[in-house]
Amino acid sequence: MTQPTNQPIRFYHRNAIQEVSGASTTRTVLQYLREDARCTGTKEGCAEGDCGACTVVIGEPDGAGGVAFKAVNACVQFLPTLDGRALFTVEDLRQPDGTLHPVQQALVDCHGSQCGFCTPGFAMSMFSLYEKHGHATTCATPCEKTRPSRQEISDALTGNLCRCTGYRPIIEAAERMFDRAPLAPVNVPALARTLDGIRRDDTFHYEHAGRQFDAPRTAEALATIKDANPNVRILAGSTDIGLWVTKQLRDLGDIVYVGQIEAFRHIETTDEWIEIGAGVTVERAYSELVKTYPELEETRLRFASLPIRNAGTLGGNVANGSPIGDSMPGLIALNARVVLQSVAGTREMALEDLYIAYQKKDMAENEFVAAIRVPTRTGRRANLKFRAYKLSKRFDSDISAVYAAFTFIADGETIREPRLAYGGMAATPKRAAHAEGVLADAHWHEATVQAAMIALGKDYAPLTDMRASSDYRLDTAKSLLYRFWLETRPHDPLDKSKLDVRAIELVEAK
Ligand SMILES: Cc1cc2nc3c(=O)[nH]c(=O)nc-3n(C[C@H](O)[C@H](O)[C@H](O)COP(=O)(O)OP(=O)(O)OC[C@H]3O[C@@H](n4cnc5c(N)ncnc54)[C@H](O)[C@@H]3O)c2cc1C
Ligand code: FES
Ligand code: FES
């Protein structure tokens, strides 16, 4: 086999195409900005995707001749992943004549900055919102419909922490930035043409100090690379892996990056499935899933922060398979399947069967996750009852202590095919077989639910850690099942006389 040529990393930054060689394969975008490009406006706070001081905006071809912009955390993104993309930082906001960008001017007007450390990150999250709603600024008459709602503004800023100004003036600035004289948004057609000029048709190959970084464009090319070198580390959104480097100082070895595989970015809905490619971001995946399962909207909003959801992928969440990951319980309760691929072709299995033990999956060395298939809500599933609940110490941007997802098909008042899946309760995301046994084909009645709550004690023996104690986990696992009952019971949910919480204690005491 011929040795691939080492290619420079090419990306658009500061109005020019940058070509970079000689940087480590895991050099972060933040390190590059601050130490190599000397663009020190972007700050480092936590180096683990939590504080937002390092927020930058990435532009990439949207597949329809345009450019999609998204805010991400530069501290956990590796430089070679920028190949073929555009990078915008706080240095790009001020106009050549010195005029402040409306984002910056609004922050000044609303007193949205004190020490200023967090401000570049906030400014870039706001810039991303400004670009998304940029057309609103060019309307002759400001149009409320095209402006972001207060909820959308809050969501866009969940990944940015400020320790001195407080959030009210910043949120106000994000509302008022649209009031200022409109600034032509980024010239998207010109940028799209520039990015097209640095687009690669084949695998991008980069190497440094004996470490290789490959970005294939097809799943077949990925399969070949993984087959030739099973130890190669698959990199997707880098929101788990980035921390292995910045916090654990791990050497990742050779890397194969899946972010340029077009086939991994598809979302396709058939009569049977919503099929989500492994490379679809968490934000896109959930935005699509909530159309069929609006019960997942809270999970979408509370899964990390927007910059993490913009980078992290559903495939990465599923492949990592953390027992406290947020996607697995919901997907398992919904009876989702996972499609695995290798040089031998594809195979699929129920998602719950992927997880064998802590950090152990039913996946061969040369296999990878290609897609996730979530059943649609048609036929008998039109009567599907579904809820998903996340418990964490903070509302936003926090990992779950317990995550619970429940489904069953309502056959009149009879429970059919119950599926109760929990995260944070065992070494893997896991169904509650005993409790499901109690519910199956039973009447959807409070007594049935209480019996199932008791059975949960046989299903799980959760551990105590910094997030929660074992007792807390088991108690809340039961309470969440009770809440599911309260929210889906066939009686009038407002009839408080039917709500007898003490009955739970009585049944448990027996
Ligand atoms: C600040 C912060 C907050 C977070 N909050 C949450 C949260 O609220 N809920 C939650 O669930 N998670 C959270 N996470 C974790 C992380 O964002 C998710 O697990 C995310 O979905 C990982 O996806 P990724 O694309 O970034 O994966 P990566 O980091 O790129 O990879 C993760 C793992 O998956 C493997 N992998 C990736 N893609 C594939 C594939 N196609 N086939 C096989 N293996 C693959 C990688 O080799 C690696 O082992 C948080 C992370 C951070 C930094
Ligand atoms: S430095 Fe805190 S999110 Fe990147
Ligand atoms: S202005 Fe000081 S941290 Fe936000």
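When a ligand or atom number is given, it counts from 1 through the structure's own listing order.
Regarding atom 28 (P) of ligand 1, its nearest protein heavy-atom neighbour is Ser238 N, 3.6 Å. Scanning all protein heavy atoms for the shortest distance to atom 47 (O) of ligand 1 gives Ile234 O, 2.6 Å. In terms of protein heavy-atom proximity, atom 35 (C) of ligand 1 is nearest to Ala319 CB, 3.9 Å. The nearest protein atom to atom 33 (C) of ligand 1, hydrogens excluded, is given as Asn320 CB, 3.9 Å; this is a heavy-atom distance.
At a 4.0 Å heavy-atom cut-off, ligand 1 does not touch Tyr257 at all. Contacts of Asp50 with ligand 2, taken as heavy-atom pairs under 4.0 Å, involve the backbone alone. With a 4.0 Å heavy-atom cut-off, ligand 1 is reached by the side chain of Lys390 but not by its N, CA, C or O. Proximity of Met363 to ligand 1, defined as any heavy-atom pair under 4.0 Å, is not found for any part of the residue. Here Ile308 has side-chain heavy atoms under 4.0 Å from ligand 1, and that is the only part of it that gets that close.
Comparing heavy-atom distances from atom 51 (C) of ligand 1 across Asp396, Thr239, Ile324 singles out Thr239 as nearest. Considering Ile372, Leu314, Val369 only, the shortest heavy-atom separation from atom 41 (N) of ligand 1 involves Val369. Residue Thr313 holds the heavy atom nearest to atom 23 (O) of ligand 1 of all those in Ile241, Thr313, Asp398. Of the candidates Gly49, Ser322, Gly325, Gly49 brings a heavy atom nearest to atom 1 (C) of ligand 1.
For the pair Ala333 and Ala421, the tightest heavy-atom approach, listed with the atom from each and the gap, is N-CB, 4.1 Å. In this structure, Val72 and Ala311 approach most closely via the heavy-atom pair CG1-CB, 4.2 Å.
Around atom 2 (Fe) of ligand 3, protein N, O or S atoms at less than 2.8 Å comprise Cys115 SG, Cys164 SG.
At a threshold of 2.8 Å, atom 2 (Fe) of ligand 2 has no backbone or side-chain N, O or S atom of Cys75 nearer than that distance. For residue Cys46, an N/O/S atom approaches atom 2 (Fe) of ligand 2 to within less than 2.8 Å.
Side-chain atoms of Arg302 come within 3.5 Å of backbone atoms of Phe395 as a donor-acceptor pair (strictly under, hydrogens ignored).
Take Ala278 and apply the side chain to side chain contact (heavy atoms under 4.5 Å, CB included) test, not counting sequence neighbours, and it matches Phe264, Val369.
At a 3.5 angstrom cut-off on N or O pairs, Ala311 does not count as close to ligand 1. Considering backbone and side-chain atoms together, Ser397 places no N or O closer than 3.5 Å to any N or O of ligand 1.
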Take Tyr32 and Phe78 through the test ring-ring contact (aromatic ring centres under 6.0 Å, His included) and record every step on the way to the result. CA-CA 9 Å; Tyr32 163 79; Phe78 300 141; over 10 Å; no

